[in-house]
Amino acid sequence: MFPDTTGPWDAVIVGAGPVGLLLASELAVQDLRVTVLERAASPSALPKANGIVGQSALDLAERGLLAGTGLRVISPPRFQFGPLVLDLGVGPENPLHILPVPQRRLEELLERRAVAHGAQVHRGCEVTGFTQGDAGVAVEFRAGDAPASLEARYLVGCDGAHSFVRKQAGIGFPGFTSDEIARLARITIPPAQITRAGDGLAIAGVGRVAAMRTNPMPGGGFTIAPAAVLDSTASEDLYLISTHEPRGEAEASDSLSMDELRASLRRVLGADLPFTDAAAARSTVGNSRQADAYRSGRVFLSGDAAHVFNAGGSALNVGLQDAFDLARRLAAVLRDGAPAAELDGYESVRRPAGERALQHTRAQAALARRDDSSSALRQVLGTVIADPAAARSLARLIEAA
Ligand SMILES: Cc1cc2nc3c(=O)[nH]c(=O)nc-3n(C[C@H](O)[C@H](O)[C@H](O)COP(=O)(O)OP(=O)(O)OC[C@H]3O[C@@H](n4cnc5c(N)ncnc54)[C@H](O)[C@@H]3O)c2cc1C
């Protein structure tokens with residue numbers, strides 16, 4: 001179906017990732033007329049996030065999104081802060097909440113909620129330009145070869161780290177690119193080659209490693225997680241792995257050959273990992289950046305379009321909180337007649353929240369570096385977080401967003 005180009009939309013959202021879809025569903029629930037334009041013709045099959053860490057997990061559950069899905073929010077007794085492990089205990093004093101869910105599944109649930117409440121989601125529609133006027137924004141897009149345009153009261157760029165909307169609005173994205181590269185894959189390890197050992201795994205030829213967190217190795221970092229922990233339907237012999245190494249001249253790529261994956265594992269582990277099969281192998285390079293502004297007139301930025309972090313686990317939590325906040329404000333103005341100044345609060349609340357996440361993710365990345373100063377920092381902070389109150393205080397930073 002071609003997007004309806006008659007009359008102004010309350011909001012046009014660029015990008016059907018988790019942040020755009022949550023925003024669409026939150027606005028549609030409040031009876032606003034909203035459409036999502038997504039460049040890709042179909043959802044990407046590449047695995048991305050494995051879960052939401054923090055407040056957003058609770059907020060989604062509160063909205064009934066998990067009902068009947070078998071998904072549930074948990075409070076993990078231990079969680080990683082860079083290479084360190086926070087011992088958070090069990091019971092009400094544990095401040096951290098996690099929703100283990102593959103990103104694709106999360107997107108399906110959010111899209112279903114958005115569409116059920118009347119939002120439209122159009123795939124194969126690339127936004128190519130926009131012009132702001134006093135009362136709205138004219139949005140140009142291309143569906144196949146056909147150029148078209150529609151009118152919106154507000155435009156929201158939820159179009160990811162390379163955001164077209166951000167660039168078109170002339171908003172800078174300062175920060176830095178990591179000098180490390182991560183190589184990721186979903187692999188099969190035959191049961192005879194791997195066994196549970198305490199809260200870790202014993203792998204033939206490699207030895208004992210911690211599960212679900214980064215293992216510092218002489219050649220870099222290595223993480224491994226049983227896929228069944230995140231997806232109860234996954235086969236028991238499937239594992240999600242990643243290596244972290246100095247980047248050198250290497251570039252991020254959505255397709256990584258088996259030879260490249262094996263070579264990286266050998267460099268990091270100093271041994272051959274006994275896997276028989278690998279899927280979704282790719283490499284990524286971390287960035288730590290934040291948009292100079294989250295708003296330009298009637299145009300807003302949310303999610304990765306506004307911030308990217310160089311340590312895992314926080315991006316979705318922060319991005320989803322952007323969407324909750326912006327939806328509340330747009331509904332107040334568009335539906336309840338609040339003054340337009342209500343929208344100024346988005347920048348003054350969400351930008352500092354992004355800055356806090358930028359800080360703690362940069363701190364986590366610094367702790368993981370393989371130099372003498374970082375090693376000393378790990379020792380000192382490791383002693384500090386042996387105190388459960390200190391560990392919980394760091395967990396609250398991650399939870400808040
Ligand atoms: C391997 C990997 C693992 C990760 N693990 C985690 C994790 O465990 N926890 C976590 O919190 N985060 C994780 N992340 C980060 C998380 O995936 C991102 O933060 C999340 O996808 C951001 O969502 P978003 O909706 O802001 O943007 P995106 O998901 O990037 O969606 C943006 C959408 O906009 C579309 N688009 C772009 N330009 C246009 C245009 N001009 N017109 C129309 N559409 C356009 C794109 O096609 C895309 O679908 C991981 C990322 C990767 C790559």
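All ligand and atom numbering here is 1-based and tracks the order in the structure. Being a predicted model, the structure only gives us computed values, none of them experimental. For the single chain, residues carry numbers from 1 onward in sequence order.
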Nearest non-hydrogen protein atom, atom 51 (C) of ligand 1: Lys48 CB, 4.3 Å

Nearest candidate to atom 32 (C) of ligand 1, where distance is taken over non-hydrogen atoms, out of Gly20, Cys158, Gly15: Cys158

Backbone or side-chain N or O of Ala16 under 3.5 Å from ligand 1 N or O: no

Donor on one side chain, acceptor on other, Ser257 and Asp259, under 3.5 Å: no

Summary of ring pair (Phe, Tyr, Trp, His ring centres under 6.0 Å) pairs that have at least one residue in residues 305-340, sequence neighbours excluded: His307-Phe309

Residue pair Gln321 / Asp59, side-chain donor-acceptor N/O under 3.5 Å: yes

Single hit among Arg105, Gln103, Glu111 for side chain to side chain contact (heavy atoms under 4.5 Å, CB included) with Glu107: Gln103

Atom indices of ligand 1, in the order listed, that fall short of 4.0 Å to a heavy atom of Gly313: 9 (N), 11 (O)

Donor-acceptor side-chain pairing of Ser264 and Thr243 below 3.5 angstrom: yes

Closest to atom 4 (C) of ligand 1 (judged by heavy-atom distance), picking from Gly160, Ser163, Ala306, Ala49: Ala49

Donor-acceptor side-chain pairing of Arg289 and Thr177 below 3.5 angstrom: yes

For Gly303, atoms of ligand 1 separated by under 4.0 Å from a heavy atom: 26 (O)

Ligand 1 atoms in contact with Gly17 (distance to a heavy atom under 4.0 Å): 25 (O), 29 (O), 31 (O)

Per-atom contacts of ligand 1 with Gln103, taking only distances under 4.0 Å to non-hydrogen atoms: 16 (C), 17 (O), 20 (C), 21 (O), 29 (O)

Heavy-atom nearest neighbour in the protein, as seen from atom 43 (C) of ligand 1, with distance rounded to 0.1 Å: Arg39 N, 3.2 Å

Contact atoms of ligand 1, heavy-atom distance to Leu184 under 4.0 Å: 1 (C)

Shortest protein heavy-atom distance from atom 9 (N) of ligand 1, along with the residue and atom involved: Gly51 O, 3.3 Å

Best match, Val139, Asp159, Val165, Asp254: closest heavy atom to atom 36 (N) of ligand 1: Asp159

Backbone of Pro76 reached by a side-chain donor or acceptor of Asn94 within 3.5 Å: yes

Close approach, Gly319 and ligand 1, non-hydrogen under 4.0 angstrom: no

Charged N-O contact under 4.0 Å between Arg153 and Asp10: yes

Identity and separation of the nearest protein heavy atom to atom 48 (C) of ligand 1: Glu38 OE1, 3.5 Å

Donor-acceptor pair between Asp237 and Thr188 side chains, under 3.5 angstrom: no

Best match, Asp304, Asp322, Leu320: closest heavy atom to atom 18 (C) of ligand 1: Asp304

Any N or O of Thr284 closer than 3.5 Å to N or O of ligand 1: no

Atom 15 (C) of ligand 1 [closest protein heavy-atom partner, distance rounded to 0.1 Å]: Ala315 CB, 3.9 Å

Any Cys125 heavy atom less than 4.0 Å to ligand 1: yes

Expected output: side-chain Gln193 to main-chain Phe275 donor-acceptor under 3.5 Å: no

Closest protein heavy atom to atom 8 (O) of ligand 1, given as residue, atom name and distance to 0.1 Å: Asn50 N, 3.3 Å

Which pairs would a plain distance check flag for residues 378-392, meaning a side-chain donor or acceptor within less than 3.5 Å of a matching protein atom at least two apart in sequence or in another chain?
| residue | atom | partner | partner atom | Å |
| --- | --- | --- | --- | --- |
| Arg378 | NH1 | Leu367 | O | 2.6 |
| Arg378 | NH1 | Arg369 | O | 2.9 |
| Thr383 | OG1 | Gln379 | O | 2.8 |
| Asp387 | OD1 | Ala389 | N | 3.0 |

Atom 11 (O) of ligand 1 [closest protein heavy-atom partner, distance rounded to 0.1 Å]: Leu316 N, 2.8 Å

Heavy atoms from other residues, nucleotides or ligands near CZ of Arg72 exceed 12 (cutoff 6.0 Å): no

Top protein contact for atom 42 (N) of ligand 1, by heavy-atom distance: Val127 N, 3.0 Å

Ligand-residue contact atoms, ligand 1 with Leu37, heavy atoms, under 4.0 Å: 43 (C), 44 (N)

Thr128 and Glu140: side chain donor to acceptor below 3.5 Å: no

